[in-house]
Amino acid sequence: MAGSERARHWRYGELPGVDLLRARYVEKRFVRHTHENFVIAAIADGVEVFHHGGADQYAGPGALALVNPDTPHTGRAGGPEGWQYGAVYPSPELVAEIAAETTVIRGTPGFSSPVLDDPYSAGLVHEVLRATDEGNALAADTLLRVVVTRLLRLNGGPMPQRITRTAGARTAARARAVLEERMVDPPTLERLAGELGTSPFALLRAFRDMYGMPPHTWLTDARVRRARRLLDAGVAPAEVAVAVGFTDQPHLSRHFGRIVGVPPGAYQRERKNVQDV
């Protein structure tokens, strides 16, 4: 069944900063990860199950899976037939611009519920993807703004601000900064805790409370994010793997596929096509 899986993760030059995806997955399981952009995924067939906000969420045909930036979530099929979907990933800056012009949301805009049953909006997402296939920049940009506006009006609101006031939250933020800086050669949990003046389990609890995942899972997610930027810049996958702290290219490919959904080489080829145009 896995042989019937297919995915394309690309960008369209006339929609800067917006990732696009079409996929059919059967056995694919996305590990806990985050996105820098919003996720707007329109389910066309089957059911997607994703863990979000402490519970499993279910999205079937005509529904949308909606995830705010930097929000941990997973992804898998809800049945043996898998699931098929199309997705757009607009940047926080673009969503904020649309919200300011077309809604009354104050503060940083976001989605209130992770699943919305709205076949009309789901159809608009597929129309955006079709317009990019046809090279119809006017339609792609227009439809994207229409669907984001509709989703914010139906299911939008101000996102709560994360404030690092407690000692544990401040320690977690410092730990994240250390891991970001020492991504290629990170310390053990015990050493990291010692450097920050706390215990390993206290650091683990604080980090999970703050970022929704343990430090080692966050580090893998951060490595893949940095790998995407390097691949976008044209760096070869083998060099990218070493640059972000993976042992080799197969190690990068394994984690990259479990988070992005496509291999690094296929991801880079689509980006190169946009740059060449």
Side-chain angles (χ1 to χ4, degrees), residues 7-12 15-23 25 28-43 48-54 56-57 59 63-76 83 85-99 108-116 121 125 128-129 144 147-148 151-152 155-156 159-162 176 179-180 183 210-214 217-232 240 244 252 255-264 266-268 270-271 274:
R8 182 190 177 205
H9 196 297
W10 80 102
R11 275 192 175 179
Y12 177 50
L15 294 179
V18 179
D19 286 326
L20 308 164
L21 175 71
R22 274 203 196 94
Y25 295 124
K28 170 73 71 179
R29 299 181 73 94
F30 289 92
V31 298
R32 184 171 294 273
H33 65 286
T34 63
H35 295 274
E36 294 175 292
N37 287 4
F38 283 87
V39 179
I40 302 175
I43 311 302
E48 180 185 12
V49 184
F50 60 106
H51 197 77
H52 176 290
D56 281 344
Q57 310 291 337
L64 299 106
L66 304 170
V67 182
N68 294 322
D70 297 314
T71 302
H73 61 286
T74 62
R76 61 181 172 84
W83 83 105
Y85 66 108
V88 295
Y89 302 78
S91 68
E93 294 78 15
L94 177 59
V95 172
E97 172 195 324
I98 295 171
T108 304
F111 298 125
S112 302
S113 173
V115 176
L116 180 66
S121 291
V125 171
V128 172
L129 299 176
L144 177 63
V147 71
V148 170
L151 292 174
L152 288 173
N155 186 41
M159 282 199 290
Q161 296 300 307
R162 181 176 286 150
R176 172 174 170 162
L179 294 175
E180 187 81 46
M183 183 175 291
M210 186 70 177
Y211 300 112
M213 59 182 79
T217 304
W218 180 91
L219 179 61
T220 299
D221 192 37
R223 282 173 167 169
V224 170
R225 282 195 185 192
R226 185 174 293 181
R228 290 182 63 178
R229 289 193 286 270
L230 292 173
L231 291 168
D232 287 345
V240 169
V244 301
L252 166 66
H255 288 292
F256 198 93
R258 294 168 69 195
I259 289 177
V260 181
V262 296
Y267 174 91
Q268 188 176 57
E270 292 290 351
R271 295 308 205 263
V274 172

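Only heavy atoms go into these numbers, but all of them, side chains included; no hydrogens, no water, no symmetry mates.
Atom-to-atom distance recorded for Ser121:OG and Leu151:CG is 4.5 Å, nearest 0.5 angstrom. Here Ile259 contributes atom CD1 and Arg223 contributes atom CZ; the two are 11.0 Å apart, rounded to the nearest 0.5 Å. Taking CG of Asp19 as the start and NE2 of His9 as the end, the distance is 4.5 Å to the nearest 0.5 Å. With rounding to the nearest 0.5 angstrom, the CD1 atom of Ile43 is 4.5 Å from the CD atom of Glu48. Distance CG/Leu15 to CG/Leu94: 8.5 Å, rounded to 0.5 Å.
A search for salt bridge (Lys or Arg N to Asp or Glu O under 4.0 Å) contacts involving Arg76 returns Asp56, not counting sequence neighbours. Partners of His33 by side chain to side chain donor-acceptor pair (under 3.5 Å), not counting sequence neighbours, listed by chain and number: His35, His73. For Tyr267, the side chain to side chain donor-acceptor pair (under 3.5 Å) partners two or more places apart in sequence, or in a different chain, are Arg228, Asp232, Arg271. Taking Arg229 as the reference, Glu36 meet the salt bridge (Lys or Arg N to Asp or Glu O under 4.0 Å) condition, with sequence neighbours excluded. Remark: Arg8 pairs with Asp133, Glu270 by the salt bridge (Lys or Arg N to Asp or Glu O under 4.0 Å) rule, at least two apart or across chains. With sequence neighbours excluded, the residues satisfying side chain to side chain contact (heavy atoms under 4.5 Å, CB included) with Ala23 are Ala7, Leu21, Tyr25, Tyr85.
Side-chain N or O atoms of Arg29 include none that pairs as donor or acceptor with a backbone N or O of Thr74 at under 3.5 Å. In this structure a side-chain-to-backbone donor-acceptor pair under 3.5 Å is present from Asn37 to Gly17.
Nearest heavy-atom pair across Thr34 and Thr71 is CG2-C, 3.8 Å. Contact record, Phe256 with Pro263: CD2-C, 4.0 Å, taken as the closest heavy-atom pair. Closest of all the heavy-atom pairs between Val244 and Ala227 is CG1-N, 3.8 Å. Taking all atoms of both residues into account, the shortest heavy-atom contact from Gly110 to Met159 is CA-CG, 3.5 Å.
Side-chain contact between Tyr89 and Ile40: absent, with no pair of heavy atoms (C-beta onward) separated by less than 4.5 Å.
Here the rule is side chain to side chain contact (heavy atoms under 4.5 Å, CB included) with Gln268, and of Leu231, Val262, Leu230, Val240 only Leu231 fits it.
A tilted orientation is assigned to the rings of Tyr211 and Trp218, their planes being inclined by 30° to 60°.
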